[in-house]
Number of protein chains: 2
Amino acid sequence: MSPICFEFFFQITLSELKKSLFLLDKHIENMFSKACEYAIRATIFIAKESMKGKRSNLTEISKAITSPIAFTAKILQTLVKHKIIFSIKGARGGFEMLPQTINTLSLKHLVVVIDDDYSTTACIIGLNKCSSENPCPLHEQYESIRTDLSKMLEETKIIQLIEKESFKIGNHLF
Amino acid sequence: MSPICFEFFFQITLSELKKSLFLLDKHIENMFSKACEYAIRATIFIAKESMKGKRSNLTEISKAITSPIAFTAKILQTLVKHKIIFSIKGARGGFEMLPQTINTLSLKHLVVVIDDDYSTTACIIGLNKCSSENPCPLHEQYESIRTDLSKMLEETKIIQLIEKESFKIGNHLF
DNA sequence: AATAAATGGGACAAACTTGTCCGATAAAAA
DNA sequence: TTTTTATCGGACAAGTTTGTCCCATTTATT
Ligand code: FES
Ligand code: FES
């Protein structure tokens with residue numbers, strides 16, 4: 001029985017295999033999309049390096065923040081297009097961030113750029129319109145949480161994040 | 001030029017068409033998956049009907065909560081499997097909920113059953129492990145929000161939701 | 001007993017998110 | 001000028017979520 005034949009009889013996706021071997025986490029309720037997570041982590045990294053006068057390149061960045069390199073490239077392209085970071089092409093090229101951007105950019109802006117939108121007014125159980133006038137049964141409990149979250153995203157600037165104590169993501173000490 | 005030919009030259013998905021006509025909302029940061037939204041809405045509906053001694057069937061339910069009927073069927077099957085509701089097959093069949101379940105079931109339980117898991121310990125920017133010992137730069141701002149949300153989901157029971165004032169979802173007045 | 005009305009469950013399809021590949025382009029270094 | 005090292009950008013592939021279809025099964029009604 002050839003390997004090809006073997007493969008034919010046990011056709012299974014990689015994720016199914018991982019799941020059955022318990023190597024894969026079950027679904028987890030995440031606040032952000034993967035793209036957003038990578039964008040935030042990358043932005044923090046680039047900002048820190050920029051403050052030190054260093055330019056970061058794609059390989060460095062994706063290693064430091066442990067993200068898939070080609071997917072990260074796409075995300076950085078989006079950030080460049082929206083002038084959150086700027087890029088230099090060619091040898092010794094890479095990505096940098098202006099001090100002014102570091103000082104003023106909010107988390108919320110980052111999320112809006114990557115996810116195209118961020119709603120602070122959507123009903124938690126998907127009502128057409130969320131309002132205090134016609135609240136769903138969860139509105140009361142949910143409203144203050146949503147407000148806190150929204151405020152946090154708007155008020156937190158990148159500069160605050162890079163001023164924190166050092167911490168590790170993957171192999172890299174920030 | 002036949003319709004077939006027309007279709008060939010302008011091959012476009014329905015969602016692309018809707019997007020370009022602004023009929024489709026952009027991505028919105030939702031708290032729950034669609035499946036969870038439908039599950040919560042359906043559970044509220046079934047609970048209310050059960051309290052009145054009425055049995056609800058699939059058609060009624062999905063009309064009332066404005067959800068796709070076949071997808072809703074799948075979700076209800078899951079709820080039955082986990083004994084959140086129970087079903088009666090055949091003519092005059094449908095779904096019902098026991099008073100005891102209505103009184104004790106929490107939102108969190110519902111979410112766990114539908115999404116397979118619900119994490120209250122995941123790092124907001126995807127660090128391997130979230131902890132106060134090795135916090136990411138967002139940990140401090142995020143922790144209290146996450147705790148509030150988690151507490152809300154655990155403490156809110158279905159009975160509280162159906163005791164609320166009436167409200168509308170789609171065409172149905174709850 | 002036959003029919004109608006309901007849930008159960010499997011296969012499939014569409015849409016979206018996540019991720020890969022490869023060639024074009026640009027700039028520095030040799 | 002050539003080579004090397006980067007980003008840019010489009011096509012494509014994999015994986016997950018959302019949604020559809022169809023038929024089997026079960027029960028009440030006629
Ligand atoms: S109406 Fe549902 S959260 Fe406001
Ligand atoms: S470590 Fe990131 S949220 Fe706790």
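Throughout, protein chains are lettered first and strands after them, A, B, ... in sequence-line order, and every chain is numbered starting at 1.
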Checklist entry - Do Phe71(A) and Ile85(A) share a hydrophobic cluster, counting only Ile, Leu, Val, Met, Phe, Trp and Tyr and linking them when any side-chain heavy atoms are less than 4.5 Å apart? => result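 Yes, because Phe71(A) and Ile85(A) connect within a single hydrophobic cluster, where side-chain heavy atoms sit under 4.5 Å apart.
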Nearest-Å distance for atom pair [atom1]/[atom2], residues [X] and [N]:
X: Phe95(A); N: dT5(D); atom1: CZ; atom2: P; result: 17 Å
X: Glu60(B); N: dA5(C); atom1: CD; atom2: P; result: 14 Å
X: Asp116(B); N: dT18(D); atom1: CG; atom2: C1'; result: 16 Å
X: Ile114(A); N: dC16(C); atom1: CD1; atom2: C1'; result: 16 Å
X: Ile65(B); N: dG19(D); atom1: CD1; atom2: P; result: 11 Å
X: Asn57(A); N: dT4(D); atom1: CG; atom2: P; result: 18 Å
X: Asp117(B); N: dT17(D); atom1: CG; atom2: C1'; result: 17 Å
X: Glu37(A); N: dT17(C); atom1: CD; atom2: P; result: 15 Å

Next on the checklist: Between the side chains of Lys63(B) and Glu60(B), is the shortest nitrogen-to-carboxylate-oxygen separation below 4.0 Å, so that they form an ion pair?
Outcome noted: no
Next on the checklist: Which is more 5' along DNA chain D, the nucleotide nearest Leu58(A) or the one nearest Ala35(B)? Just name the residue.
Outcome noted: Leu58(A)
Checklist entry - Shortest non-hydrogen contact from Thr43(A) to Met97(A)? => result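 Shortest heavy-atom contact: CG2-CE, 3.6 Å.
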Item to check | Smallest separation among heavy atoms of Ile102(A) and Ile158(A), with atom names | outcome: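 Closest approach of Ile102(A) to Ile158(A): O-CB, 3.7 Å.
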Checklist entry - Are the side chains of Leu110(B) and Leu153(B) in touch, meaning some heavy atoms are under 4.5 Å apart? => result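 Side-chain contact under 4.5 Å: no.
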Checklist outcome for this item: Each nucleotide of nucleotides 22-30 of chain C classed B (base within 4.0 Å of a protein heavy atom), S (only sugar-phosphate) or -, in 5' to 3' order, makes ---BBBSS-
Next on the checklist: Please classify the nucleic acid contact of Tyr38(A) as base, sugar-phosphate, or nothing, using heavy-atom distances under 4.0 Å.
Outcome noted: sugar-phosphate
Checklist entry - Can you tell me if Asn103(B) uses its side chain to pair, donor with acceptor, with the backbone of Pro99(B) under 3.5 Å? => result yes
Checklist entry - Hey, is the main chain of Ile88(B) close enough, under 3.5 Å, to the side chain of Arg55(B) for a donor-acceptor pair? => result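 Pair absent, no side-chain N/O of Arg55(B) close to backbone of Ile88(B).
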Item to check | Interface residues of residues 68-78 of chain A with DNA chain C (non-hydrogen, below 4.0 angstrom) | outcome: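 Going residue by residue through residues 68-78 of chain A, the ones with a heavy atom under 4.0 Å of DNA chain C turn out to be Pro68(A), Ala70(A), Phe71(A), Lys74(A).
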Next on the checklist: Counting only side-chain nitrogens and oxygens, does Ser87(A) get under 4.0 Å of the OP1 or OP2 atom of dA6(D)?
Outcome noted: no
Checklist entry - Side chains of Ser67(B) and Thr72(B): is there a donor and an acceptor less than 3.5 Å apart? => result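 A donor-acceptor contact under 3.5 Å links the two side chains.
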Item to check | Neighbour count >12 (heavy atoms, 6.0 Å) for atom CD, Glu140(B) | outcome: no
